[in-house]
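Remarks on the structure that follows.
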Amino acid sequence: MTPPGPAPRTVVVDGRTFERVPIRTPVLMPGDDMAAAVREHAGPHLRPGDTVVMSESAVAIMQGRARDWRTIRPSALARLLSERVTKTTWGTGLRSPYAMQYAIELTGVPRILLAGVAHIVGRVLGQKGWFYLVAGLNARMMDAEHTMGIAEFYECCIPAPHDPPGTATALKAATGYDIAICDINDINPAWCVASTLPKERIRLLERSFDDNPLGQTDEQTPIGIWREGTAEDSGPRFPDGSGA
């Protein structure tokens with residue numbers, strides 16, 4: 001008999017009921033095995049047909065991509081570009097010269113310069129977001145230092161995960177469950193960065209997580225379970241019948 005799990009949070013999308021189950025974990029660290037983390041922490045609560053939702057920051061951290069800002073030396077280009085990033089009330093992002101420098105190192109100077117040109121052209125045409133469209137995920141998803149709710153990574157800049165589609169595919173192969181690597185926060189609608197789900201279900205998942213049920217600060221719930229309906233658990237933890 002599976003022990004009682006964390007309380008699911010129910011939402012209705014297009015007349016269909018979904019449960020979102022936050023899974024609390026220890027602080028996930030660089031080098032941790034993602035599939036093992038899913039099996040250990042989510043495994044006892046998974047049912048056939050569930051989807052495992054992974055925080056994009058947690059995936060990047062386990063891949064070793066979090067970097068202490070004190071190890072980053074911003075170039076003149078990074079300082080110039082960061083000063084021109086639009087200031088917002090909800091975050092720092094590439095306004096930090098350290099985050100900008102890290103994005104430049106991951107993306108490459110030519111692509112960043114091309115993104116700058118795209119930004120200028122976009123503004124002339126009354127369009128926004130062209131810089132991030134050209135610069136790519138590592139710029140778009142970069143979290144600046146002093147914005148992470150987990151103390152262990154408060155001093156870190158954290159970019160996008162490496163190869164989100166490949167990572168999701170590998171995790172599904174290792175666990176037997178569909179995987180969604182998502183950017184979920186209190187400001188913007190939920191965004192599925194990569195997933196093994198069919199396209200029509202990705203949009204349902206995103207809308208199911210728009211209220212950020214996994215939390216934004218120090219909840220330590222970087223993994224979630226998404227399932228349709230609220231039926232009682234009656235199946236094995238993993239498709240092969242094994243436990244966590």
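For clarity, every value in this text was computed on a predicted model and none was experimentally measured.
- One hydrophobic cluster holds both Ile112 and Leu106 under the rule that ILVMFWY side chains link at heavy-atom gaps under 4.5 Å.
- Relative ring orientation between His119 and Phe131 is described as perpendicular, the plane-to-plane angle rising above 60° on a 0-90° scale split at 30° and 60°.
- Within the 3.5 Å criterion, the main-chain N or O of Arg16 finds no donor-acceptor partner in the side chain of Asp14.
- Gln220 places a side-chain N or O within donor-acceptor distance of the main-chain N or O of Thr25, the cut-off being under 3.5 Å.
- At a threshold of 4.5 Å between side-chain heavy atoms, the hydrophobic network of Ile, Leu, Val, Met, Phe, Trp and Tyr places Leu81 and Leu113 in one connected group.
- The side chain to side chain donor-acceptor pair (under 3.5 Å) contacts involving residues 99-113 comprise Arg67-Glu105, Ser75-Gln101, Gln101-Glu105, where partners must be two or more places apart or lie in separate chains.
- In this structure a side-chain-to-backbone donor-acceptor pair under 3.5 Å is present from Arg24 to Glu219.
- Within the 3.5 Å criterion, the main-chain N or O of Ile179 finds a donor-acceptor partner in the side chain of Thr196.
- Residues satisfying the salt bridge (Lys or Arg N to Asp or Glu O under 4.0 Å) criterion with Asp211, sequence neighbours excluded, are Arg20.
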- For Asp50 and His45, what are the C-alpha separation, side-chain angles and deciding distance, and is it a side-chain contact (heavy atoms from CB on, under 4.5 Å)? CA-CA 10 Å; Asp50 285 351; His45 316 293; over 6 Å; no
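- One hydrophobic cluster, built from ILVMFWY side chains closer than 4.5 Å, cannot hold both Val85 and Ile158; they sit in different ones.
- For the pair Arg70 and Asp68, the salt-bridge criterion is met [side-chain N within less than 4.0 Å of a carboxylate O].
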Where do Phe209 and Leu214 land on the side-chain contact (heavy atoms from CB on, under 4.5 Å) test, with the steps shown first? CA-CA 8 Å; Phe209 281 83; Leu214 302 186; 4.2 Å; yes
For this session: Apply side-chain contact (heavy atoms from CB on, under 4.5 Å) to the pair Val52 and Leu171, showing each step before the final yes or no.
Result: CA-CA 10 Å; Val52 177; Leu171 280 172; over 6 Å; no
